[in-house]
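Read through the structure below, which is laid out as structure tokens, and then see the notes.
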Amino acid sequence: MITVTKKDLINLGYGPSFSADIIKQAKNLMINKGHTYYQSKKLDRVPKEAVEELLGITLQSR
């Protein structure tokens, strides 16, 4: 599974605050899909597919 962090989003050109919001929304999306693992407040990494679903774009793999 390829994951994305706040730092990755900042490197793509998103602001720090917006990047944090994206990660938070992606975590909520994963929780709603039944992945309770993402309820951890210390977790700062989400699947790339969740971010792509939220933003409506495809992120390039490294």
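Values below: all heavy atoms of this structure, side chains included; hydrogens, waters and symmetry mates excluded.
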For a side chain to side chain contact (heavy atoms under 4.5 Å, CB included) check, start with the C-alpha distance between K6 and D44, then their side-chain angles and the critical distance, and finish with the verdict.
CA-CA 7 Å; K6 175 183 167 185; D44 66 343; over 6 Å; no
Heavy atoms of R45 and T3 approach each other most closely as NH1-OG1, 3.0 Å
Paired with K7, the side-chain contact (heavy atoms from CB on, under 4.5 Å) test is passed by just one of I10, L9, T5, namely T5
For M30 and P47, which heavy atoms make the closest approach, and how far apart are they?
CE-CG, 3.8 Å
Using modelled atom types and a 3.5 Å cut-off, is there a donor and acceptor pairing between side-chain atoms of K27 and backbone atoms of S40?
yes
Y37 and L29: same hydrophobic cluster, using ILVMFWY side-chain contacts below 4.5 Å?
no
Report whether Y14 and L54 are members of the same hydrophobic cluster (ILVMFWY, side-chain heavy atoms less than 4.5 Å apart, transitive linking).
no
Identify the two heavy atoms, one from V46 and one from A26, that lie closest to each other, and give their separation to 0.1 Å.
CG2-CB, 3.7 Å
Rounded to the nearest 0.5 Å, what's the gap from CG on L55 to CD1 on I22? Could you check?
4.5 Å
Look at the rings of Y38 and H35 and say which category their plane angle falls in: under 30° parallel, 30 to 60° tilted, over 60° perpendicular.
perpendicular
Of the non-hydrogen atoms in I31 and Q39, which two are nearest, and what is the gap between them?
CD1-CG, 3.6 Å
Checking E53 now: which residues fulfil side chain to side chain donor-acceptor pair (under 3.5 Å) with it, not counting sequence neighbours?
K33
